[in-house]
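The next block holds one structure in the form of structure tokens; read it before the comments.
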Number of protein chains: 2
Amino acid sequence: MEKEIKILLVDDEPHILQFLEMGLVNEGYEVATAPDGITAIGVAEQFSPHIVILDVMMPGIDGFEVCRMLKKNGSQAAVIMLTAKDEVEDKVKGLTLGADDYVVKPFSFEELLARIQARLRNQFPSLFGEVSIGPFRIDDRRKEIIYQGKVLELSPTEHQLLRYLVLNHGIVLSKTLILDKVWGYDFGGEENIVEVYIRSLRDKLGDKEHRLIRTLRGAGYRVDLL
Amino acid sequence: MEKEIKILLVDDEPHILQFLEMGLVNEGYEVATAPDGITAIGVAEQFSPHIVILDVMMPGIDGFEVCRMLKKNGSQAAVIMLTAKDEVEDKVKGLTLGADDYVVKPFSFEELLARIQARLRNQFPSLFGEVSIGPFRIDDRRKEIIYQGKVLELSPTEHQLLRYLVLNHGIVLSKTLILDKVWGYDFGGEENIVEVYIRSLRDKLGDKEHRLIRTLRGAGYRVDLL
DNA sequence: AAGGAAGCTGAAAATTAGCTGAAAGAGGCC
DNA sequence: GGCCTCTTTCAGCTAATTTTCAGCTTCCTT
């Protein structure tokens, strides 16, 4: 597996916090959260995140202040601020105070994700770069998986699943584990969905004999690179 | 066997505690237990476990708090939390407080085992590695047993049984014991099933003379490495 | 050598895991 | 709205696996 990228989320609204956290964990990031500025400073010290996502409007210390303090403490983290539509002039203020990027509420999760990745590429290029594993190449930047030189046409879930399987090739992964890692902890559905997606991947990989993605009855699945 | 891996179990229900302890000891782990959070903190300090398995719901200090305190005390341990189905949002909370993984009750023992091993691999890779015993190699990651260089094709039960026999080679194992360890304490069937499976293993190992898996009439079976 | 207990064996019966195709549901987009 | 893709559920199917069982062999005891 690649090195874990750590993100600290700071927002006073538990809803948003939870929503973002689940989404980001699901994307494979290591996530910590804090409900206010003070906590955030403390957590950041121990957690040393690569990225801090900061709500501007918070009770107590506001986002700008947190940002300033982080930088003062020598944090390497890139800071992305979340700001409401009618606080646009804050943008100027924010940039001068060290924030690296902005996302205006309401925003789509995909947009935030894109910003995060853009930042990471700028700030921590070493963490990036596509991985080649056997006949696979995983290009996170392009969100592509290349198999035997050809780009696979995958749905988002298929992509995540295959990525997870390939990065953990040679290891048996139970359906429950896969469900947790790919679908997330709160997924309420049946394990059968894993089977369905495995099938779809096998189809797209031309793995008719189930040699690439092997089934270990009663145990799970394992990718064997040929 | 990885004899020196230490696990601390914390749960207020004696049933569960005992059940898990037996299972884990059986798997070769060194196990300590604690019935509540306070005790757990104390035990952890002396025992310095590699893994702590924590029930979330406990009288007195709850799992989250214990987790936090452990980390504060500089514990290296990975923390796996046990949480009830309807406490799913706790998952989110837990991860931010330092737990490394979750298992949702009710869970199978196998599932917990898989999580433990996954964690160990992440956190203490040096402790890991497949075991070679005589002509056998047991690779738990791949869930494979190699005999004389060839991968054995085993059903789940066959795999467990052979693994248990080989790890305890040289020791006579009674059918009752085997039944308990491989089939579980609640198995209601006949001991004959052990004979049936032993036979199947002998077949697959080419052990026609019963020299590898020896029968000790009235006592049990013993694996003799040649 | 007979009788009985313990273990072996092959096959049948019962159970279950995983596969599959199709259909229903959920969003997003024009 | 209507159309698209993607996700999820579902039920029937298949085949692997587990379990039972009855008859057989082997070994021990007397």
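Residue numbers begin at 1 in each chain, while the letters A, B, ... track the order of the sequences. Only a predicted model underlies this, so the values are computations on that prediction, with no experimental measurement involved.
Interatomic distance, CD1 of I138(A) versus CD1 of I133(A), reported as 4.5 Å (0.5 Å rounding).
Put simply, the side chain of R217(A) and the base of dT17(D) share no donor and acceptor less than 3.5 Å apart. With hydrogens and angles ignored, a donor-acceptor pair closer than 3.5 Å exists between the side chain of N192(A) and the base of dT20(C).
No side-chain donor-acceptor contact under 3.5 Å links D11(A) to the backbone of I16(A). Put simply, the side chain of K6(A) gets close to the backbone of F47(A): a donor and an acceptor are under 3.5 Å apart. Listed for the N168(B) side chain is no donor-acceptor partner under 3.5 Å among the backbone atoms of I171(B).
Applying the 4.0 Å criterion to OP1 and OP2 of dA6(C), one finds that K175(B) has every side-chain N and O outside that range. Look at W183(A) and you won't find any side-chain N or O under 4.0 angstrom from OP1 or OP2 of dT7(D). Side-chain nitrogen and oxygen atoms of R202(A) include at least one within less than 4.0 Å of the OP1 or OP2 phosphate oxygen of dC19(C).
Between dT7(D), dT9(D), dT9(C), one nucleotide has an atom nearer to the side chain of V196(B) than all others, and that is dT9(C). Here the side chain of T215(A) is nearest to one of dG7(C), dC19(C), dT9(C), namely dC19(C). Set against dT7(D), dT20(C), dG7(C), the side chain of Y197(A) has dT7(D) as its closest nucleotide. For R199(A), whose side chain is taken as the heavy atoms from C-beta onward, the closest listed nucleotide among dT7(D), dG21(C), dG18(C) is dG21(C). The listed nucleotides are dT17(D), dC21(D), dC8(C); the one nearest the side chain of Y221(B) is dC8(C).
If you take CD of E191(A) and P of dT7(D), they are 19 Å apart, rounded to a whole angstrom. To the nearest angstrom, P of dT17(D) lies 14 Å from CD of Q160(B). A straight line from NE2 of H159(A) to P of dC6(D) spans 14 Å, rounded to a whole angstrom. Distance NE2 (H210(A)) to C1' (dA16(D)): 15 Å, rounded to an integer number of Å. In this structure, E195(B) atom CD and dC21(D) atom C1' are separated by 12 Å, rounded to whole Å. Straight-line distance from the CD atom of E158(B) to the C1' atom of dT19(D): 13 Å, rounded to whole Å. Between the CD1 atom of I178(A) and the P atom of dT8(D) there is a distance of 15 Å, given to the nearest Å. For the pair L179(A) CG and dT7(D) P, the computed distance is 14 Å after rounding to whole Å.
In this structure, V31(A) and L9(A) approach most closely via the heavy-atom pair CG1-CD1, 3.7 Å.
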